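Reading through the structure tokens given below for one structure.
Being a predicted model, the structure only gives us computed values, none of them experimental. Here is how names work: the chains are called A, B, and so on, in the same order as the sequence lines, proteins then strands, and each is numbered from 1.
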Number of protein chains: 2
Amino acid sequence: MSTAEETVGGEPQPWGEVTPDAARRLLVAAVEAFAERGYHATTTRDIAGRAGMSPAALYIHYKTKEELLHRISRIGHEKALDVLRTAADSEGTPAERLAEAVRSFVRWHAGQHTVARVVQYELDALGPDARAEIVELRRRNDAAVRGIIEDGVAAGDFDVPDVRGTTLAVLSLCIDVARWFNVNGPRTPDEVGALYADLVLRMVGAKG
Amino acid sequence: MSTAEETVGGEPQPWGEVTPDAARRLLVAAVEAFAERGYHATTTRDIAGRAGMSPAALYIHYKTKEELLHRISRIGHEKALDVLRTAADSEGTPAERLAEAVRSFVRWHAGQHTVARVVQYELDALGPDARAEIVELRRRNDAAVRGIIEDGVAAGDFDVPDVRGTTLAVLSLCIDVARWFNVNGPRTPDEVGALYADLVLRMVGAKG
DNA sequence: GGCCTCTCTAAGCAACCGCTCACCTTCGGA
DNA sequence: TCCGAAGGTGAGCGGTTGCTTAGAGAGGCC
């Protein structure tokens, strides 16, 4: 449960790198608002209001509303990629690494589901350049998962007829957690992670 | 491949029940626009323009922009539910029925991915009453899939420790197809359906 | 004190939004 | 031939949007 991130009062503080304080408050407010209502339905006045500031204050720290979304998307994707890579590069059999990757990736999408929702579903609101940058980060996510599955197939531990298709399905399954996960629902992020790790091992036909 | 829907020039025409003609053209235009840009980013002028009409014409056939979304959501969900129920209620072993359900449900979400995208991702833009109606339709989707899995477990054909969780995962997997599916991508809806049916049978530990 | 920089606000601009209204055209039925 | 209903349009209203501008405080440095 210990990560390198700062914590304040037990709550994870995933935006520690954003300074100054007012800029971070605006970013956190934007994440909440975008996740609740969507990017286009959120007004700059709403974001500034949640951060306890006047509408104009937003433009001291960010050039446009889109820059806020871009910053959120980039940081969010980097965090998710970091979580995935840590599991992918760890020691252990392919099955252990795949299970840990799914467990932590799902845990992130469930626990940080507001960020994840923005990151995954508001991509089209970005301009072409910003979108291209984010798409490249996603390609690396894909490569990390595919790498584990290929290792498992090569070692004879997995039975996977279609590696690319299965990789796509595994990632899709994990990412969609952000859409349906509900904090007041019956499952904790840990429980969903454990369930999904088991399901994914079945999907790749892991021995044992 | 044969459904009860009308076809015009080989293209499926899933809005045959919407009359008069102008109202249908507006609805089809709205589906395209909502799928491309999202509900909030779409203007009534854009919808009317795509249908080849003036902005005011929209309000002859629909009271508000939200009514368009509501109509699309209801019809879309009913079609998807219909596809799922047909497979669920068919003859055959639980494994055959589950495979057919996943195959046709995925085929629908891939082939009709513009409609599916609107239906699945713009739910929050609806008012409370309309949303409640749609949520009820989704509950029935869930029940249909859970029913097949429970049959398989009861017959000893499936090995599923967590029926509710696995049902959720199966539906989530199928639904997310609408997010990533690309008509110009390497896979046809049929191919994705076949791949996913195989993966889901592995998830429930189907014998054979 | 005098001055500069940083942060923030009140007020508001131009553009655009969902939607309405007065009016026009088409057309089937008596 | 007249009529009324149905379907359509151009212009535009009130309100909201993203963003800008002029200027006010606060604090550090000489």
Side-chain angles (χ1 to χ4, degrees), chain A residues 15-73 118 122-131, chain B residues 15-73 118 122-131:
Chain A
W15 308 107
E17 68 266 55
V18 181
T19 52
D21 185 71
R24 178 170 52 245
R25 268 159 48 217
L26 284 164
L27 204 101
V28 170
V31 169
E32 280 177 26
F34 291 163
E36 273 176 33
R37 307 218 228 281
Y39 174 77
H40 288 290
T42 300
T43 68
T44 54
R45 284 167 177 81
D46 182 23
I47 297 169
R50 285 174 191 246
M53 304 166 88
S54 81
L58 194 150
Y59 293 92
I60 294 162
H61 301 281
Y62 302 97
K63 227 162 49 181
T64 62
K65 180 176 143 184
E66 193 192 318
E67 193 194 323
L68 263 169
L69 178 61
H70 185 193
R71 283 268 237 281
I72 292 167
S73 282
V118 176
E122 304 291 355
L123 181 68
D124 290 342
L126 254 32
D129 291 353
R131 179 156 63 239
Chain B
W15 309 107
E17 68 266 54
V18 182
T19 53
D21 185 70
R24 179 170 51 246
R25 268 160 47 219
L26 284 165
L27 205 100
V28 170
V31 169
E32 281 178 24
F34 291 163
E36 273 177 32
R37 306 216 228 282
Y39 174 77
H40 289 290
T42 300
T43 68
T44 54
R45 283 166 177 83
D46 181 25
I47 297 169
R50 284 175 192 246
M53 306 168 85
S54 79
L58 193 150
Y59 294 90
I60 295 165
H61 301 282
Y62 302 95
K63 229 165 41 184
T64 61
K65 179 177 143 185
E66 192 191 319
E67 192 193 325
L68 263 168
L69 178 61
H70 185 193
R71 283 268 236 283
I72 292 167
S73 281
V118 176
E122 303 291 353
L123 180 68
D124 290 341
L126 255 34
D129 291 354
R131 179 157 63 239

- Item | Selection residues 53-66 of chain B - residue pairs positive for salt bridge (charged side-chain N to carboxylate O under 4.0 Å, His left out), sequence neighbours left out | none
- Note on the structure: Once base and sugar-phosphate atoms are separated, protein heavy atoms under 4.0 Å mark nucleotides 23-29 of chain D, 5' to 3', with B, S and - as -------
- Item | Candidates D:dC19, C:dT7, C:dG18 - which lies nearest the side chain of A:Thr44 | D:dC19
- Note on the structure: Tightest non-hydrogen contact, residues B:Tyr62 and B:Leu27, listed as OH-CD1, 3.3 Å
Could you tabulate the donor-acceptor pairs under 3.5 Å formed by side-chain atoms of residues 46-60 of chain B, not counting sequence neighbours?
residue : atom : partner : partner atom : Å
B:Asp46 : OD1  : B:Arg50 : NE           : 3.4
B:Asp46 : OD2  : B:Arg37 : NH2          : 3.2
B:Arg50 : NH1  : B:Glu32 : OE1          : 3.4
B:Arg50 : NH2  : B:Glu36 : OE1          : 3.1

- Message: Restricting to side chain to side chain donor-acceptor pair (under 3.5 Å), what partner residues turn up for A:His70, sequence neighbours left out?
- Response: A:Glu133
- Query: So which one's nearest nucleotide on DNA chain D is more toward 5', B:Arg45 or B:Ala22?
  - Reply: B:Ala22
- Item | Taking every non-hydrogen atom, the tightest pair across A:Ile72 and A:Val31 | CD1-CG2, 3.6 Å
- Minimum-distance pair of heavy atoms, taken over all atoms of B:Ala35 and B:Val118: N-CG2, 3.6 Å
- Query: Excluding sequence neighbours, so at least two apart, what forms side chain to side chain donor-acceptor pair (under 3.5 Å) with B:Glu67?
  - Reply: B:Arg71
- Task: Starting from C1' on D:dT16, measure out to NE2 on A:His40 and report it in whole angstrom.
- Result: 16 Å
- B:Asp21 meets the side chain to side chain donor-acceptor pair (under 3.5 Å) criterion, sequence neighbours left out, with B:Arg24, B:Arg25
- Task: List in numerical order all residues of residues 47-63 of chain A for which some heavy atom is under 4.0 Å away from an atom belonging to DNA chain C.
- Result: A:Met53, A:Ser54, A:Ala56, A:Ala57, A:Ile60, A:His61
- Task: Among residues two or more places apart or on two chains, list those pairs meeting ring-ring contact (aromatic ring centres under 6.0 Å, His included) that have a residue in residues 25-55 of chain A.
- Result: A:Phe34-A:Tyr39
- Item | Estimated bend of the helix from C:dG1-D:dC30 to C:dA30-D:dT1 (axis per five terminal pairs, rounded to 10 degrees) | 10°
- Note on the structure: Sequence neighbours excluded, the answer for side chain to side chain contact (heavy atoms under 4.5 Å, CB included) partners of A:Pro20 is A:Ala23, A:His61
